[in-house]
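These notes concern the structure reproduced below.
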Number of protein chains: 4
Amino acid sequence: MLSFESDYIKGAHPKVLEALVQTNMEVLPGYGSDSYCERAAQKIKDACGKPEAEVFFLVGGTQTNQTVISTMLENYEGVVAAQTGHVSTHEAGAIEYTGHKVLPLPEEHGKIKAADLQNLMELFYGDGNHEHMVFPGMVYISHPTEYGTLYSKAELQAIHTVCRNYDIPLFVDGARLGYGLASRNTDVTLKDLASLCDVFYIGGTKVGALCGEAVVFTGNRVPKHFLTQVKQHGALLAKGRLLGVQFDALFTDDLYMQISRHAIEMADQLKSIFREKGYRFYLESPTNQQFIILENGKMKELEELVRFSFWEAYDEHHTVVRFATSWSTTDEELEELKKIL
Amino acid sequence: MLSFESDYIKGAHPKVLEALVQTNMEVLPGYGSDSYCERAAQKIKDACGKPEAEVFFLVGGTQTNQTVISTMLENYEGVVAAQTGHVSTHEAGAIEYTGHKVLPLPEEHGKIKAADLQNLMELFYGDGNHEHMVFPGMVYISHPTEYGTLYSKAELQAIHTVCRNYDIPLFVDGARLGYGLASRNTDVTLKDLASLCDVFYIGGTKVGALCGEAVVFTGNRVPKHFLTQVKQHGALLAKGRLLGVQFDALFTDDLYMQISRHAIEMADQLKSIFREKGYRFYLESPTNQQFIILENGKMKELEELVRFSFWEAYDEHHTVVRFATSWSTTDEELEELKKIL
Amino acid sequence: MLSFESDYIKGAHPKVLEALVQTNMEVLPGYGSDSYCERAAQKIKDACGKPEAEVFFLVGGTQTNQTVISTMLENYEGVVAAQTGHVSTHEAGAIEYTGHKVLPLPEEHGKIKAADLQNLMELFYGDGNHEHMVFPGMVYISHPTEYGTLYSKAELQAIHTVCRNYDIPLFVDGARLGYGLASRNTDVTLKDLASLCDVFYIGGTKVGALCGEAVVFTGNRVPKHFLTQVKQHGALLAKGRLLGVQFDALFTDDLYMQISRHAIEMADQLKSIFREKGYRFYLESPTNQQFIILENGKMKELEELVRFSFWEAYDEHHTVVRFATSWSTTDEELEELKKIL
Amino acid sequence: MLSFESDYIKGAHPKVLEALVQTNMEVLPGYGSDSYCERAAQKIKDACGKPEAEVFFLVGGTQTNQTVISTMLENYEGVVAAQTGHVSTHEAGAIEYTGHKVLPLPEEHGKIKAADLQNLMELFYGDGNHEHMVFPGMVYISHPTEYGTLYSKAELQAIHTVCRNYDIPLFVDGARLGYGLASRNTDVTLKDLASLCDVFYIGGTKVGALCGEAVVFTGNRVPKHFLTQVKQHGALLAKGRLLGVQFDALFTDDLYMQISRHAIEMADQLKSIFREKGYRFYLESPTNQQFIILENGKMKELEELVRFSFWEAYDEHHTVVRFATSWSTTDEELEELKKIL
């Protein structure tokens, strides 16, 4: 059945898969010490304009959030995140499992505001009892957010400034980073991102890889013995090549951005189709995830013909649903969707 | 360079890779709910002769050990394991990271004895202070062990009996299970294993897959909401198909056992070569890992020509090293090794 | 200086101290197995009308919350609590440190509503993604709350009913329980409480003891090997007698309630004094904690003459402060306060 | 019944109790910020000859071990301890509960050797796989040990040197420190100890207090925001005065050492009695704990007349038992014991 259920419904981009096939019989050392990991890391550092960065490859998004956050926080610190942030809601308590609180911040369409962050910091340090409280030790944002929205460069800059002032790292969850960078409505480049945060990751799983997220520590805040800590989290792949080869392919000939741009074009067409047919959008998303408000009867009907994701109840009679495009979305699929609508 | 460094130096078995290529563009749901995961699980249950079993797919060995052990233990319990067990030594404290002690048991060539286990249990419950101690709540063994050795059916039966008597689960780490089942010196079948332990896993990473371990809960001790707990450990793959497709291929037309038998044949030839050349074995291993005692000067020489693993110091002048065969070892490689030696 | 800073500014009630002095040279076994602990437990079970209850003595409030919550939750569960609950805010992340999320619920003056709880449960189980979320596994309320307010019997009954329907335990933090039971504005007795929750504690530290909280498991939900888990939390006293003797004294001749009633009388007088002098109350508290809104200049003035607690900013020019009475508040102290105001 | 079961069978030393009585009605601030805590800390720093030290008061031994170790270790580190160390055996896994492995070292009568420690460190850093292993990040010793034995100054110096060379802290569990310092067979003073380790604690519970352990960070390795971390462990007393007043009393007029010397004198007499009566000692203990080997029939007989502790089985027919003296042991009690034997 036709599906816009998510951006991970098909396997890998053909060129990524091809790279795995090509390198399959090469003899390589384990645990990420192979030449492909090295080469991919170098390409990523180049793309980020950060020769001093350190790059590590992990397998999945929740794993990456858990490993990065728990290795960067002190015991007495928590991570500040939007109330709707992935770490706050849909990771089954993976952050708390490592002993740290997620400190929720108000959000709008998935985005936090520097002013709210500043306010939280001031309230904390102004509170006479703050030694009995969890210290805000890190800021987590997602870009694009869980609602497909994007921070502007100015917004990132402002959040970055608060973090600097309080000397806490800024971590950007880039599970769908490509779709953010390729959006027509962004002024944030990969280099901007790399200069405005302390650590971020470049999502592979949702942008053309079978699995894999590339963690980039942009400066001097790399956790000590990170490899050992990755192992301790059960997150170290024996065949690290699986990640290195894929990211090497994604960062060869601009494939990562090509893939991403394709998904954005498909999303633009998808938006036009919904708009033409008179559907209501829940919010204006400039990336590959689109949120539509459906009347519940209509939703039931559509479910028979096309797959999409339940997002949340809108009101008694309406539901917010998500349609996602990806590297693998085709013109034919959009054509079919158009007919269905 | 010629390499016998480990059993994960190449990619996937061609048929496994082929399956990934063939299914790449299929639209499938995420998180292990796809038809390939389902089919692979069914084939595994059939092979185990356990229709009532529950099968889950995780990515790597340490991750599997960590997730299985921490979800099966009560807070106040620890896991009993050989002092040389992987969980005791080479997982960077992944078990302790989840709050549980690894209770060490003496071992011989990686194997524990039922009598020692019985003794530990009796000492514990006989100790007037045992309420101030970590309760032994589970037994972990590896088969083959970290030294390539195997338990006999009678030995497994005896350990199983102690576990039953004390009502604690027996967990078998089968990261290299295929190589154990395919050994010429074993009377343990997959069905035996499935009937003698409460949970075990069928290693994929080291037996022909790019990654992946199939966890089999053989009876009624499945942790509650295991999927949620897998997520909480950061161990849930969005593209669960990556694991389902591979295990489906491995359990089609007996591929898993074919691969394993090939590695055993190669290991037998490798043993002959070393024996002919007068090398000394550290122990008699019936599986794909062979441990050789090298004089240190000789070791330095060999290192220039072939890759192998440092295992441990034997004495001041000698070192134990490991040579591993796998599904991917070829006659040519053995021929080359022969020449070198 | 005159102080209404908290209800733990003096040592123990003279009768409690007297009991410690009287029993000091008796030879008693350790770890809570002494006759005083036993006797105190029996008196508490009698007072609760719960012969089947199990009673344990811990040292402090945060320790008790941490130990009870972490031993009653499954790994994948979190505890539901008011956003202002002590476990949510002022325990430095003690709950998260044990791996569990605190799931916040809206509150009014520290109290949650059964309807909000029901709503949270329905939203959770109605969410198609709830297997990727933290399961609500327990409800935590404080009685009196952090704002001195009390649940009515009907309100407790309603919360109890939701918990029963979803089969999750209800835990009542009674750090100041005496002051709640002794309030003139409550219809909740100790027996009511014991029949409406699965576990609660009777606060000693703030109600006349040097330290100590008596945990009461009212029915059949006692965590397995609770003593061992208390030890594992570092919460087991070698000289458990310190707690047993104190609680034995507190539950002899109705001392606990006498102490509590005294504090309530003092609080009533304190309220009258503030009211007469025209001060504004932040909320109507029926217990020993009173929250007054002070103009900031006035606050500075008063601080020179009497100690009280900063609570929170009210607006730019006003602050909410807390005045607490206790077993040790005297008429003379109130007289002095009157003069100061 | 006559009891030598432990050194915590009676309440507090009369002078300690007297101090609690005297100060009971003073108004004091909470959480260890009172003048008694401050004064006691100053006296302890003076006694240690360490003006730069930082002193904190915790409630019990396991709690102190857990809090100190977990706040000083990095995530990827474990604590090295004797196989018989309290943290290894009798704390119900309290260290592992915080995520850290206890790395066992061989011992003799409870003592580790600098050479074994050096060996462990060399083996670790010499192991090519050490990045997959738990890093030894701290050394824990007890003085006196669990067997009543003592390190000589030279032995401590040697352990200290290994720790310095590898830049890891040395932690001394001094739950019974007084009895070690007051031994006739020691050349280790409090000042020596303070200059040879990074952190240690002065046990109160077993040396005359109702509860309480004074943690001394001797130099610049104080964990960041230690108070907050104490709170996070549930280890912060609201009425911190309970600890401050007791330690102030213990460190006034040399009371701590007086108490300790008394116990040692009593132990010497107790040893003479056993020796005269022809009993066999399990080992030569220079402190207040004495270990006697009893024939099992004899043991049963004695149990009817005097309380002592089961320690461990010696052989099929004999048992090691412990007799402990303390500040509260009297000549009369020894006389009675003599008659019984």
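Per chain, numbering begins at 1; letters A, B, ... match sequence-line order.
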B/Asn165 atom CG: more than 12 heavy-atom contacts under 6.0 Å: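 Yes, the 6.0 Å shell around CG holds more than 12 heavy atoms from other groups.
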
Sort C/Gln232 into side chain, backbone, both or neither according to what part of it lies under 4.5 angstrom from a heavy atom of chain B.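 The side chain, not the backbone.
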
Parallel, tilted or perpendicular: ring planes of C/Tyr31 versus B/His132, cut at 30 and 60 degrees: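 The arrangement is perpendicular - the two ring planes meet at more than 60°.
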
Using a heavy-atom cutoff of under 4.5 Å, enumerate the residues of residues 69-88 of chain B that contact chain C, numbered in order, or state 'none'.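 Residues in range: B/Ser70, B/Thr71, B/Glu74, B/Asn75, B/Tyr76.
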
Please determine, among C/Lys231, C/Lys224, C/His130, the option with the most heavy-atom pairs under 4.5 Å with chain B.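 Counting heavy-atom pairs under 4.5 Å, the top option is C/Lys224.
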
Report the distance from atom CD of B/Glu131 to atom OG1 of C/Thr228, rounding to the nearest 0.5 Å.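 The distance works out to 5.0 Å.
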
